[in-house]
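First the structure, in the form of structure tokens, and then the observations on it.
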Amino acid sequence: MASTAKPVQDQVGRMEAELGGVVVLDFGGQYTQLIARRIREQQVFSSILPCTTSMEELMKLEPVGVVLSGGPSSVYDPEAPKCDPKLLSLGVPVLGICYGMQWITHTLGGKVERAERREYGRAQLNLENASGDSASDLFAGVARSLRVWNSHGDHVMMLPHGFRTVGRTANAVAAVEDRARKIYAVEFHPEVNHTEQGTEILRNFLFRVCKAEKKWSGAAFIEETVEAIRKKAGPTSRVICALSGGVDSTVAAALVHRAIGDRLTNIFVNTGMLRKNEFAETLEMLRERLGLRVIGIDASDRFLARLEGVSDPEIKRKRIGAEFIAVFAEEAQRLQREEAHGEIGFLVQGTLYPDVIESISVRGPSATIKTHHNVGGLPANMPFALIEPLRDLFKDEVRRIGRELGLPEEILVKHPFPGPGLAVRLLGEVTGSHLVTLQEADAVVVEEIRRAGLYEKVWQAFAVLLPVRSVGVMGDGRTYGLTVAVRVVQSDDAMTADWVRLPGDVLERISTRIVNEVPGVTRVVYDISSKPPSTIEWE
Ligand code: XMP
């Protein structure tokens with residue numbers, strides 16, 4: 001399922017700004033990506049590697065520090081994830097978080113006690129009193145007592161030789177260090193907002209312990225990515241881009257355009273699963289306002305035909321993904337035939353970090369949640385190599401890059417839209433008439449959210465068409481119509497999301513307009529579930 005193609009950075013050698021950063025080794029923890037992001041917020045590059053990465057591979061990145069993530073396992077599990085113990089004698093500073101702390105303790109000869117059950121939630125961390133030379137670098141300038149966020153199973157019972165305890169919670173040793181070997185470990189999660197002064201603790205690790213340099217910025221990212229793409233594409237090869245007019249693919253295309261100009265041809269496919277009027281409006285904007293070379297292909301009928309009789313969400317996603325690539329391959333061949341110069345060797349995609357993490361777990365421990373079509377659904381024998389310049393970034397980081405590139409604000413604030421489009425918001429089989437119904441209802445939701453001045457304040461606002469009919473009454477007659485669910489969520493990065501408490505009058509306008517203006521719909525409900533346990537999309 002996962003494509004074997006590698007992102008551009010890996011294929012052209014690491015970019016300068018990526019060297020000398022901090023590597024996060026993933027033990028399958030739910031916060032792994034958050035750790036990397038918190039580090040980048042401090043302008044230090046951070047990438048995530050599986051914990052099984054060889055030390056040779058790791059050292060190619062010339063890391064100034066390594067963070068070991070948390071993870072759901074116990075060090076005593078037969079399948080417990082491990083990394084090479086040599087890591088602890090390389091002289092590179094290490095910070096173990098949660099499972100990372102237990103792995104360090106266990107590996108260096110300390111003792112870890114298996115807990116009866118995992119402990120989640122807040123705890124009070126009390127730091128040992130130490131001052132002057134013996135004060136801990138990790139906790140410099142931090143209050144002596146802090147509320148921290150815990151999510152762990154095992155406890156450290158006995159420290160390995162050379163370590164000392166720096167802090168405790170009521171139940172456990174919660175922070176330890178071996179300053180001589182520059183190995184630090186905490187049982188709580190400094191990367192989550194619930195931990196007081198967590199950022200301070202991470203900053204201490206980066207700048208006091210690792211002596212990291214602040215060289216990661218939007219401008220550096222643009223400059224180096226453009227250079228890497230140029231090298232990768234070589235002097236003649238041509239590149240096509242799967243452009244959808246969303247933030248991700250547009251920023252990706254703008255970066256590639258900056259690197260190789262009109263050797264980039266963008267292809268915008270109308271899958272028929274787009275929002276109302278989106279195909280025509282977006283095409284015009286990309287061409288007129290961004291000056292990109294864009295071919296628009298209306299393949300709606302093909303996609304609809306492929307979805308006939310299919311109601312399983314994963315099969316829908318995979319079929320759409322496969323059809324997408326087929327349309328691309330055909331278009332590339334046509335371009336190659338008709339424009340005789342330059343082989344098309346590459347396909348640009350706006351894949352982001354959350355797409356990668358939710359489709360392919362870094363090592364295996366973080367389970368696959370859904371197959372996002374621009375990653376997991378790609379066939380392994382794709383005729384193009386991939387260029388995915390945004391693969392390490394989160395949405396808000398991409399928006400910042402887009403702003404720095406000077407893209408119009410209207411693209412940057414656009415709500416995320418899933419690759420398979422309305423197909424995953426139309427539960428059950430996708431038919432042409434249901435698609436129109438959903439497009440109309442969705443347009444009402446977005447219009448009313450904009451009118452209320454909320455569009456830029458929420459993460460996503462959309463309609464979902466349910467294959468549920470219910471009895472209603474209209475005029476003098478009994479109706480038996482469809483149901484629309486309205487979903488409006490707030491989020492920072494789509495990894496978690498909360499439903500938005502919309503004002504009653506906005507909900508009222510949405511509901512009244514949908515029932516009055518969208519034929520066949522007689523009931524509107526509001527989705528009040530958060531992620532987790534629900535996801536943002538319904539399929
Ligand atoms: P979920 O539903 O997993 O969505 O909570 C998280 C974010 O990802 C978007 N999404 C997708 N994006 N291809 C994409 O490019 C997909 O298949 C896909 N599925 C979900 C979703 O809209 C939300 O912002």
Side-chain angles (χ1 to χ4, degrees), residues 1-3 30 33-34 241-253 268-269 271 273-275 278 303 307 310 312-325 347-361 366-378 386 388 390-391 393-399 412-427 430 438 442 445-446 449 455 458-464 485-500 527 529-539:
M1 52 163 265
S3 155
Q30 57 177 325
Q33 56 284 351
L34 196 57
C241 173
L243 196 49
S244 71
V247 189
D248 313 344
S249 62
T250 310
V251 171
F268 181 21
V269 178
T271 57
M273 316 289 149
L274 299 175
R275 290 173 275 218
E278 193 166 22
F303 280 87
L307 292 175
V310 179
D312 180 275
E314 279 296 286
I315 299 179
K316 280 193 210 172
R317 276 172 191 274
K318 292 220 161 110
R319 290 222 177 154
I320 292 175
E323 199 59 23
F324 216 90
I325 295 297
L347 168 66
V348 183
Q349 289 199 135
T351 315
L352 305 194
Y353 188 75
D355 306 333
V356 179
I357 189 74
E358 290 199 357
S359 288
I360 314 160
S361 62
S366 359
T368 296
I369 299 170
K370 288 180 192 177
T371 310
H372 282 220
H373 105 244
N374 48 2
V375 186
L378 289 184
L386 283 185
E388 296 183 302
L390 310 175
R391 205 181 154 95
L393 305 187
F394 283 87
K395 190 73 127 197
D396 54 343
E397 294 176 313
V398 173
R399 285 188 169 132
L412 301 178
V413 300
K414 209 167 172 185
H415 287 175
F417 191 61
L422 298 182
V424 294
R425 296 180 179 172
L426 194 163
L427 275 58
V430 179
L438 179 54
D442 186 68
V445 173
V446 174
I449 291 291
Y455 186 81
V458 302
W459 176 263
Q460 270 172 300
F462 56 89
V464 180
V486 177
R487 181 98 166 118
V488 185
V489 296
Q490 193 49 274
S491 175
D492 284 331
D493 52 22
M495 304 297 284
T496 61
D498 196 11
W499 59 279
V500 173
D527 182 347
S529 15
S530 294
K531 173 181 182 175
S534 303
T535 50
I536 296 176
E537 304 292 343
W538 276 47
E539 285 193 338

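Both counts, for ligands and for their atoms, begin at 1 and track the order of listing. Because the structure is a prediction, the values reported are computed rather than measured.
Under a 3.5 Å cut-off, the side chain of Tyr455 and the backbone N or O of His415 do form a donor-acceptor pair. One N or O on the side chain of Gln460 and one on the backbone of Pro416 form a donor-acceptor pair closer than 3.5 Å. Panel note: side chain Lys395, backbone Val247; no donor-acceptor pair is recorded below 3.5 Å. Arg391 contributes no side-chain N or O that, together with a main-chain N or O of Thr351, makes up a donor-acceptor pair within less than 3.5 Å.
The ligand atoms of ligand 1 that sit less than 4.0 angstrom from a heavy atom of Gly419 are 12 (N), 13 (N), 14 (C), 15 (O), 16 (C). Less than 4.0 angstrom separates some heavy atom of Thr535 from each of these atoms of ligand 1: 1 (P), 2 (O), 5 (O). Those atoms of ligand 1 with a heavy atom of Lys531 less than 4.0 angstrom away are 1 (P), 3 (O), 5 (O), 6 (C). Taking a cut-off of under 4.0 Å to the non-hydrogen atoms of Pro420, the atoms of ligand 1 that pass are 13 (N), 16 (C), 17 (O). If you number the atoms of ligand 1 from 1 as listed, the ones under 4.0 Å from a heavy atom of Trp459 come out as 24 (O). Short contacts between ligand 1 and Arg317, defined as distances under 4.0 Å to a heavy atom of the residue, involve ligand atoms 16 (C), 17 (O), 18 (C), 19 (N).
For ligand 1, the polar-atom distance check against Ile536 finds a nitrogen or oxygen pair separated by under 3.5 Å. The shortest N/O to N/O separation between Ala494 and ligand 1 does not fall below 3.5 Å. At least one N/O-N/O distance between Gln460 and ligand 1 falls below 3.5 Å.
No heavy atom of Trp538 sits closer than 4.0 Å to any atom of ligand 1.
None of Arg317, Lys531, Arg425, Lys316 except one satisfies the salt bridge (Lys or Arg N to Asp or Glu O under 4.0 Å) rule with Glu537; the exception is Arg425.
Using bins of under 30°, 30° to 60° and over 60° for the plane-to-plane angle, the ring pair Phe303/Phe324 lands in the perpendicular bin.
If you take OG1 on Thr496 and CH2 on Trp459, they are separated by 9.5 Å, rounding to the nearest 0.5 Å.
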